> 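Okay, here's the structure, questions in a sec.
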Amino acid sequence: MHTGELLQEFYNRLYRYFGSRNWWPGDTPFEIMVGAILTQNTNWKNVERAIANLKTEGLLTITAMSALSREQLAEYIRPAGYYNIKADRLRNFFALINGQWDGDLDLFLRQPATVLREELLSVKGIGPETADSMVLYAAGKPVFVVDAYTHRILIRHEIIDEFYDYYMIQELFMDNLEEDSALFNEYHALIVQVGKEFCKKSRPVCEGCPLAGFNGIKCAN
Ligand code: SF4
């Protein structure tokens with residue numbers, strides 16, 4: 001089967017099983033970008049608690065959050081874990097938007113995806129997955145987000161080998177699928193869902209998984 005057809009089948013199986021995931025949870029592009037930094041190395045429940053702290057105090061704007069000291073910001077986002085490191089990362093991100101874009105996030109997000117991505121990657125603490133999540137979910141531009149689930153599932157179904165890095169996997173999807181932000185949005189969300197529910201790191205739960213039999217691999221156990 002051609003790679004494009006294979007990746008389309010991958011998507012179809014997940015979509016048929018889970019339906020639309022309505023990602024990314026967040027009311028504004030700014031909230032989505034803050035969430036993308038807070039979710040590094042933690043689960044979404046913890047991020048929600050940190051976001052709720054900020055929302056309750058009416059702080060979920062770049063102006064309000066930029067005015068907080070590092071210590072204050074760290075305290076609000078404490079539930080997300082690694083709160084001192086994440087406070088620094090958020091402040092680095094605010095410095096980019098305030099310093100080069102006069103605090104105008106909408107203007108910043110209007111740039112082409114490749115430029116946006118490069119600028120975000122120049123921020124200390126923002127890596128490819130975080131940058132791409134921001135480009136796709138906050139700016140609505142078509143870039144494929146790769147994560148550990150994507151890597152694991154593709155290896156277990158013998159579509160890639162373990163030496164594939166972030167960019168090689170991203171290229172695999174972007175070279176073989178239509179450049180469509182709605183498709184990339186849903187695809188990544190579906191992969192996260194199947195990874196969480198079935199394709200666990202320690203042991204895949206293949207029975208009942210919508211990907212059982214995909215690419216001829218019934219189970220990777
Ligand atoms: S069938 Fe098994 S190996 Fe494949 S994605 Fe599902 S849990 Fe993972």
Side-chain angles (χ1 to χ4, degrees), residues 1-26 32 35-48 80-82 113 117 127-138 140-221:
M1 195 185 277
H2 181 268
T3 309
E5 290 168 349
L6 196 66
L7 296 179
Q8 192 62 51
E9 191 203 331
F10 185 178
Y11 176 84
N12 292 346
R13 280 171 172 257
L14 295 178
Y15 191 82
R16 270 197 305 269
Y17 188 87
F18 293 111
S20 178
R21 310 312 300 150
N22 299 314
W23 264 31
W24 176 297
I32 290 168
I37 292 175
L38 293 180
T39 200
Q40 294 170 342
N41 303 308
T42 195
N43 64 52
W44 190 254
K45 279 267 160 273
N46 295 334
V47 176
E48 279 177 339
Y82 303 99
R117 191 168 194 282
E129 186 183 337
T130 306
D132 288 338
S133 298
M134 291 176 168
V135 173
L136 178 62
Y137 292 104
K141 303 194 190 245
V143 63
F144 199 90
V145 180
V146 176
D147 64 3
Y149 296 123
T150 322
H151 192 254
R152 185 188 309 152
I153 293 166
L154 291 179
I155 286 179
R156 285 178 173 170
H157 282 271
E158 299 181 5
I159 291 167
I160 62 167
D161 62 40
E162 62 190 271
F163 301 110
Y164 266 61
D165 65 13
Y166 186 97
Y167 294 105
M168 289 162 82
I169 297 175
Q170 185 175 58
E171 224 174 86
L172 182 78
F173 284 92
M174 295 192 64
D175 284 354
N176 288 289
L177 293 171
E178 203 184 319
E179 261 201 21
D180 177 350
S181 51
L183 172 69
F184 291 172
N185 175 326
E186 199 66 74
Y187 211 142
H188 174 61
L190 289 165
I191 288 176
V192 170
Q193 197 61 38
V194 75
K196 275 202 224 161
E197 276 190 40
F198 294 98
C199 209
K200 298 168 195 285
K201 189 176 177 185
S202 52
R203 195 182 68 85
V205 183
C206 300
E207 205 180 319
C209 175
L211 291 175
F214 172 56
N215 199 31
I217 310 291
K218 200 167 167 219
C219 185
N221 262 322

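In this text, all values refer to a predicted model and were calculated from it rather than measured experimentally. Counting starts at 1 for both ligands and their atoms, in listed order. Computed from heavy atoms alone, side chains included, the values below leave out hydrogens, waters and symmetry copies.
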> Do the side chain of R13 and the main chain of C209 share a donor and acceptor less than 3.5 angstrom apart?
no
> Is there a donor-acceptor pair under 3.5 Å between the side chain of E186 and the backbone N or O of R21?
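Yes, the answer is positive, given that a donor and an acceptor are paired below the 3.5 Å cut-off.
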> Under 2.8 Å from atom 8 (Fe) of ligand 1, which protein atoms of type N, O or S occur, listed by chain and number?
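Only C199 SG fall inside 2.8 Å of atom 8 (Fe) of ligand 1.
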> Relative to the ring of W23, is the ring of Y137 parallel (under 30°), tilted (30 to 60°) or perpendicular (over 60°)?
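Ring orientation of Y137 relative to W23: perpendicular.
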> Using ring pair (Phe, Tyr, Trp, His ring centres under 6.0 Å) as the criterion, list what pairs up with F173, not counting sequence neighbours.
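Expected list: F144, Y187.
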> Can you name the residues that form a side-chain hydrogen bond (donor to acceptor under 3.5 Å, both in side chains) with S133, not counting sequence neighbours?
none
> Only pairs at least two apart or in different chains count here, so list each side chain to side chain donor-acceptor pair (under 3.5 Å) that has a residue in residues 164-174.
D132-Y166, D132-Q170
